[in-house]
Engineer: 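I have a structure I would like to understand better, so I am pasting it below and will then ask my questions one at a time.
Since this is a predicted model, take the numbers as computed values, not measurements.
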Amino acid sequence: GRRSAAPPPPLKRSLRTTLRERRTWMFAVQYVGCSMMLNVSRFFLPTQLREALPAGTSPAQVGWLLAVPAVAKVAAMPLVARYTDAGGHARRLPAVVRLP
């Protein structure tokens, strides 16, 4: 005979159990922190960088300077992928690679 699967727990109990887990809160804190960093870097960093640079720096120059980390990430991704695939380090690097 075929056994029937146990019915899923009621939503209220399942939600309560999920909210009591430390992993849930750690994920939430990490998600909010990364979202805040991303928003700050997109909206406020160009202004702060322009103020820190010498007078007369054009918006295009500021944009090129802000593009340097993104270009470096694109250039480094094949090397990081090869490293993680060859050495079995796939669980160690995802957080570093996802930084904005």
Engineer: Running the 4.5 Å side-chain criterion over Ile, Leu, Val, Met, Phe, Trp and Tyr, what cluster does Phe44 land in, apart from itself?
Structural biologist: Val40, Phe43

Engineer: As an exercise, state the distance from CE of Met26 to CZ of Arg23, rounded to the nearest 0.5 Å.
Structural biologist: 12.0 Å

Engineer: Please determine whether residues Leu38 and Leu45 belong to a single hydrophobic cluster, defined as Ile, Leu, Val, Met, Phe, Trp and Tyr linked transitively by side-chain heavy-atom distances below 4.5 Å.
Structural biologist: no

Engineer: Under 4.5 Å between any side-chain heavy atoms of Leu53 and Leu65, yes or no?
Structural biologist: yes

Engineer: I need the minimum non-hydrogen distance between Thr18 and Thr24, along with the two atoms involved.
Structural biologist: O-OG1, 2.8 Å

Engineer: List, by chain and then residue number, the residues other than Trp64 in its hydrophobic cluster (Ile/Leu/Val/Met/Phe/Trp/Tyr, side-chain heavy atoms under 4.5 Å); write none if there are no others.
Structural biologist: none

Engineer: Going from CG on Asn39 to SG on Cys34, what distance comes out if it is rounded to the nearest 0.5 angstrom?
Structural biologist: 11.5 Å

Engineer: Measuring from atom CE of Met77 to atom CG of Leu79, what distance do you get when rounded to the nearest 0.5 angstrom?
Structural biologist: 10.0 Å

Engineer: Search all heavy atoms of Gln61 against all heavy atoms of Gly56 and return the closest pair with its distance.
Structural biologist: OE1-O, 4.2 Å

Engineer: Could you tell me which non-hydrogen atom of Leu66 sits nearest to which non-hydrogen atom of Pro46, and how far apart they are?
Structural biologist: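 Heavy atoms of Leu66 and Pro46 come nearest at CD1-CG, 3.5 Å.
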
Engineer: State the OG-CE distance between Ser41 and Met36, to the nearest 0.5 angstrom.
Structural biologist: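 Separation between the atoms: 12.0 Å.
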
